[in-house]
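Predicted model only: the values in this text are computed from it and were never measured.
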Amino acid sequence: MSKYLISFGDSDKYEVDFPGTLDQFKNSDTIKGMKEKVEGFLKDKFPMGNFEDIVPLHIEEADGGNYEKFDMAKISDLLKNLATQIGVEKITDKLNLNAPFDKL
């Protein structure tokens, strides 16, 4: 059983056990289901947004650190974190547009 780390954008990293290679994990139903859940939540909360640039999915092999195991109970914490990341990004974009030198 291999261990992999997943995170979205600047979220916490979570450890996932998977009986296969990194490429198999990236293309697994586990990852597809997780991405669908996250994308569905974000589209409901922010209907006009494109979030792959702000909260991209990162997958890597575990480095032996002490990470929380990912399970569906943690998805609500992850989704709250992603909503915060997107809110901060939107506020930052708005502030940058109102900057005194934004037209230079």
How many angstroms lie between atom CD of Glu61 and atom NZ of Lys3, to the nearest 0.5 angstrom? 13.0 Å
Could you measure the distance from the OG atom of Ser28 to the CE atom of Met34? Nearest 0.5 Å is fine. 8.0 Å
Please check this pair: side chain of Glu39 against backbone of Glu36, looking for a donor-acceptor N/O pair closer than 3.5 Å. no
In Å and rounded to the nearest 0.5 Å, what is the CD1 to CG distance from Ile59 to Leu5? 10.5 Å
Below 30° counts as parallel, above 60° as perpendicular, anything between as tilted: where do the rings of Phe25 and Phe18 land? tilted
More than 12 heavy atoms of other residues, nucleotides or ligands under 6.0 Å from NZ of Lys37: is that the case? no
Look at Lys13 together with Glu60 and state whether they make a salt bridge at an N to O cut-off of under 4.0 Å. yes
For the hydrophobic clusters of this structure (ILVMFWY residues joined by side-chain heavy atoms under 4.5 Å, transitively), does one cluster hold both Phe70 and Leu22? yes
Find out whether Ile31 and Lys26 are in side-chain contact, i.e. whether some heavy atom of one side chain is under 4.5 Å from a heavy atom of the other. no
Where is the tightest heavy-atom contact between Ser2 and Gly20, given as atom of each residue plus distance? OG-O, 3.5 Å
Any donor-acceptor pair under 3.5 Å linking the side chain of Tyr4 with the backbone of Asp17? no
